[in-house]
Amino acid sequence: MARYELVKRSVALITLTNPPVNALSSAVRHAMAKSMEQALNDPKVTAVVICGENGRFCGGADIREFAGPLRGPPLVPLLDAIEAGEKPVVAAIEGVALGGGFELALVCHYCIAHFKARLGLPEVTLGILPAAGGTQRLPRLIGIPAALELITTAKPLSSRRVSMLTTPCPPDLDALLEVVTMEVKKKARGVMAPLACIQAVRAAATMPYSKGIKRESELMATLFNSGQARALQYCFFAQRTAGKWTLPSGAQWNNSKPREIRSAAIIGLGTMGRGIVVSLARAGISVIAVESEKKLLETGKQMVIGMLERDAKRRGVSASLNLLKFTLSLQDLKDVDLVIEAVFEDMALKKRVFQELSKVCRPATLLCTNTSGLDVDALAGVTDRPHLVVGMHFFSPAHVMKLLEVVCGPRSSSETIATAMSLGKRMGKVSVAVGNCPGFVGNRMLKPYLDQATFLLEEGATPEQIDKALEDFGFAMGVFRMSDLAGLDVGWRIRKESGLTGPDVDPKNPPRRRHGRRYCPIPDMVCEQGRFGQKTGRGWYMYDKPGGTNAKPDPLIQNLLEMYRSRYAIQPRNISDKEIIERCLFALANEGFRILEDGIAARPEDIDVIYLFGYGFPRHRGGPMFYASMVGLERVLERLEHYHQAHPDVPHLEPSPLLKKLVACGSPSVQTWREHIKTMHSHL
Ligand SMILES: CCCCCCCCCCCCC[C@H](O)CC(=O)SCCNC(=O)CCNC(=O)[C@H](O)C(C)(C)COP(=O)(O)OP(=O)(O)OC[C@H]1O[C@@H](n2cnc3c(N)ncnc32)[C@H](O)[C@@H]1OP(=O)(O)O
Ligand SMILES: NC(=O)c1ccc[n+]([C@@H]2O[C@H](COP(=O)([O-])OP(=O)(O)OC[C@H]3O[C@@H](n4cnc5c(N)ncnc54)[C@H](O)[C@@H]3O)[C@@H](O)[C@H]2O)c1
């Protein structure tokens, strides 16, 4: 846990040895305390060097220990003792020095850091604060403004910049703290940890160290047992769990070898294709981009080049334009390792493309589709290599959004899945393996969520009221603002194609019912007026101009809702924010339970990661499944039963059998739900 050596007969070298990140577990703290005592008591030792094994100084406190009672020597007195010791202590930093690892470096009398070292205080991302003196020592070392930025944003630093940060405490501290508080509140709505950090830094600025450290510890005590800290720490591990995919066949992340991908092709240079090309090129992969027409090819090319150049400028690197090739001919794809199809969401067109690819590409080429919800296995079926077909569902904008759903068809081989997952990681994505069903995980769950929002409109709510409730809950954007951003015409086209609206609707359908269920035609009425969202300057809100982003409530929408309600004799009622949150989010989680039952997602963590990284679910709430567990499954069940009774024609509100089963089993913790699902059918 910590190795002690005497070097050159006078220097004690203490190496932290707790792979993979040398976290400061109880055993490490114990070994460090012993080693320091030995070094301080040995008259031969004139100086001490602390470093970490395997090129990593220290990833901080052992987060897993936070879930149980705290044992072992506490960190603060250990670090205080190092700082107070009479022999000089040097931190030799290679790799990461994060959280408690950085706080350890701060108590050392000297630090030497490799130029690739990464130093930072990511505690706020875990819902806590740097409580081993970080909020007290860092302001003293680098000044209030720089310390505030590091502590409240969790942004890591390269080692060279640390030496440049020497801003003194500004004269108007209160004004500065006020500005930072506003920024933090705006960026991380409702999140407690960064606000507590600001209070701790205020203590550093206004109190002697002995009092400041006490304040730090009080603030930590509040955060430590909070629901937000539990949620954020759950997110940390959920993200890592998602990478560890597993199939019922026994194939899994650690026994399936991915293929190396050196070259790839993208078919379709529209909204998605462009972002995917950028993501691949940024990862150092040669890309051939294919369009159907010369003009579209040229437009796509210019957009991709512009995106890559801007991105490279931002990151201070040179744009990898030499990796790109643009063509109108599929024949150019015969040697690529992998193809990602991103043409229109049209099954017949996609099938034609896959048939053609089957003929053109060498037999070992992987064929992937970026479809948002079509049957991946139906596409595999038209190829000569169904085992090499997989869905790679990126999210818009594809070069920005971190989520990648890897959609495993029943015939996708484990090597194919491993390759898609590993390629996602190489592109900096958070990849989650999911089964093949309409909408996969993310978009399938979105339907009940959107339905509830529009039903609430019918019943008396306004778009701005619903959005505000969701934004106060922590979403960056409410459902209507998000829909305006994404474009309302996409959903409208899908509804027309599935016969829910437009000329193909069976006239025998009552106006607010389809297939025997409640249906809300308001979104169709909005689209019929040419209101497609931000791009047309009008949608659920009005904007200054087409493409504008400043959403204002629109009296025309208000009129439309009033006319609609009076046409169908709906008496509007006052709807509480509580009802909005419960109906939208419990319906969302309920579909998540069904997805687990159906074996479309292997674990609740996978669903939560999809919602955190693809749909802006607030991280401090942990994701829809974790949120349901925090509310209490019994309560979620009771509320769903209540709402289903009130709306029996909405099947999504009927509690899922898995939810009922979990409640009957005493509402076990989310990490153990898997044991209750394992007998069920898996599509993974
Ligand atoms: C009344 C109550 C009073 C309560 C008062 C309590 C007082 C308690 C006193 C506490 C003192 C506070 C000390 C300190 O301020 C707090 C902290 O230090 S919190 C931890 C801060 N550190 C981090 O957040 C770093 C987290 N890790 C990372 O960002 C990355 O892992 C990495 C280090 C950059 C490495 O990244 P990668 O190479 O990509 O590797 P992985 O991410 O896949 O990780 C590999 C593996 O390691 C596990 N792991 C990583 N870091 C930790 C950690 N700090 N603790 C435990 N485990 C860690 C990770 O989960 C992976 O394992 P897997 O999940 O795959 O099994
Ligand atoms: N837009 C999104 O938010 C989003 C998100 C995730 C997934 N998707 C999916 O990604 C796919 C593409 O969506 P999009 O939004 O980029 O569409 P888009 O309309 O912006 O782009 C599609 C592009 O494909 C090109 N194309 C059509 N047929 C072609 C052919 N035979 N050969 C070469 N190019 C061809 C078109 O010219 C067009 O430029 C769809 O399956 C969609 O469901 C979209």
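Keep in mind that this is a model prediction, so the values were computed, not measured. For ligands, and for the atoms within them, numbers begin at 1 and follow the listed sequence. The figures that follow rest on heavy atoms only: side chains count, while hydrogens, waters and symmetry mates do not.
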| message | Taking 4.0 Å as the limit for heavy-atom contacts, which would you say applies to V21 with ligand 1: side chain only, backbone only, both, or neither? | response | side chain

| request: Look only at interatomic distance and state if T371 has a nitrogen or oxygen under 3.5 Å from any nitrogen or oxygen of ligand 2. | output: no

| message | Applying a heavy-atom cut-off of 4.0 Å, say which part of T125 lies close to ligand 1: side chain, backbone, both or neither. | response | neither

| request: Looking only at distances, please establish whether an N/O atom of ligand 2 is found under 3.5 Å from an N/O atom of H393. | output: no

| Residue-ligand contact A131/ligand 1, heavy atom below 4.0 Å | yes

| note | Under 4.0 Å between heavy atoms, the region of L374 that gets near ligand 2 turns out to be neither

| task | May I ask you to check whether R118 has an N/O atom sitting below 3.5 Å from an N/O atom of ligand 1? | result | no

| Do any non-hydrogen protein atoms sit less than 4.0 Å from atom 31 (O) of ligand 1? | yes

| query | Should the proximity of R352 to ligand 2, defined as any heavy atom under 4.0 Å, be assigned to the side chain, the backbone, both, or neither? | reply | neither

| query | Can you find a non-hydrogen atom of E65 under 4.0 Å from ligand 1? | reply | no

| note | Heavy-atom closest pair (D332 atom, I288 atom, distance to 0.1 Å) is O-CD1, 3.5 Å

| At what distance is the nearest protein heavy atom to atom 39 (O) of ligand 2, and which residue and atom is it? | E291 OE2, 2.4 Å

| said: Please list the nearest protein heavy atom to atom 11 (C) of ligand 2 with its residue and the distance rounded to 0.1 Å. | reply: V343 O, 3.2 Å

| query | Is the closest N or O pair between G59 and ligand 1 shorter than 3.5 Å? | reply | yes

| query | Quick one: do D608 and R603 make a salt bridge, cutoff under 4.0 Å? | reply | no

| Close-contact set for ligand 2 against L296 heavy atoms, below 4.0 Å | 37 (O)

| field | Pairing of K350 and E345 as salt bridge, 4.0 angstrom limit | value | yes

| task | Please name the pair of heavy atoms, one in S358 and one in V382, separated by the smallest distance, quoted to 0.1 Å. | result | OG-O, 4.4 Å

| Does the ring of F617 carry R619 above it, NZ/CZ under 6.0 angstrom from centre and within 45° of its axis? | no

| Do any nitrogen or oxygen atoms of E345 lie less than 3.5 angstrom from nitrogen or oxygen atoms of ligand 2? | yes

| query | Identify the closest protein heavy atom to atom 21 (O) of ligand 2: which residue and atom is it, and at what distance? | reply | G270 CA, 3.2 Å

| remark: Any heavy atom of T241 under 4.0 Å from ligand 1? The part involved is neither

| field | E149 vs K155, salt bridge (charged side-chain N to carboxylate O under 4.0 Å, His left out): CA-CA, chis, key distance, verdict | value | CA-CA 8 Å; E149 190 186 342; K155 274 190 214 146; 3.3 Å; yes

| message | Please work out, at 4.0 Å between heavy atoms, whether the side chain, the backbone, both, or neither of L24 comes within that distance of ligand 1. | response | neither

| query | Which residue and non-hydrogen atom of the protein lie closest to atom 32 (N) of ligand 2, and at what distance in Å? | reply | I267 CG2, 3.7 Å

| request: Looking only at protein heavy atoms, identify the closest one to atom 10 (O) of ligand 2 and say how far it is in Å. | output: N370 ND2, 2.9 Å

| K350 heavy atoms, cut-off 4.0 Å: which ligand 2 atoms fall inside? | 40 (C), 41 (O)

| field | atom 17 (O) of ligand 2 within contact range, any protein heavy atom under 4.0 Å | value | no

| Salt-bridged, E218 to R215, with N to O below 4.0 Å? | yes

| task | Among all protein heavy atoms, pick the one closest to atom 2 (C) of ligand 2 and tell me residue, atom and distance. | result | M272 SD, 3.7 Å

| remark: The closest protein heavy-atom partner of atom 43 (O) of ligand 2 is S372 OG, 2.6 Å

| remark: Note: F394, heavy atoms under 4.0 Å from ligand 2, region reported as backbone

| query | Which residue holds the protein heavy atom closest to atom 3 (O) of ligand 2, what is that atom called, and what is the gap in Å? | reply | S396 CB, 3.3 Å

| query | Taking 4.0 angstrom as the limit, do E65 and R29 come out as a salt bridge? | reply | yes

| query | Using 30° and 60° as the class limits, which term best fits the ring planes of F395 and H393: parallel, tilted or perpendicular? | reply | tilted

| message | Does ligand 1 come near enough to F237 that some N or O of the ligand is less than 3.5 Å from an N or O of the residue? | response | no

| task | Check each heavy atom of P122 against ligand 1 and say whether those closer than 4.0 Å belong to the side chain, the backbone, both or neither. | result | side chain

| task | Using the six-membered ring wherever Trp is involved, compare the ring planes of F532 and W492 and label them parallel, tilted or perpendicular (cut-offs 30° and 60°). | result | tilted

| query | Below 4.0 Å from any atom of ligand 2, is there a heavy atom belonging to F344? | reply | yes

| said: Strictly less than 4.0 Å: does any protein heavy-atom distance to atom 9 (C) of ligand 1 fall in that range? | reply: no

| task | Flag the pair R137 and D80 as a salt bridge only when some basic side-chain nitrogen lies within less than 4.0 angstrom of an acidic carboxylate oxygen. | result | yes

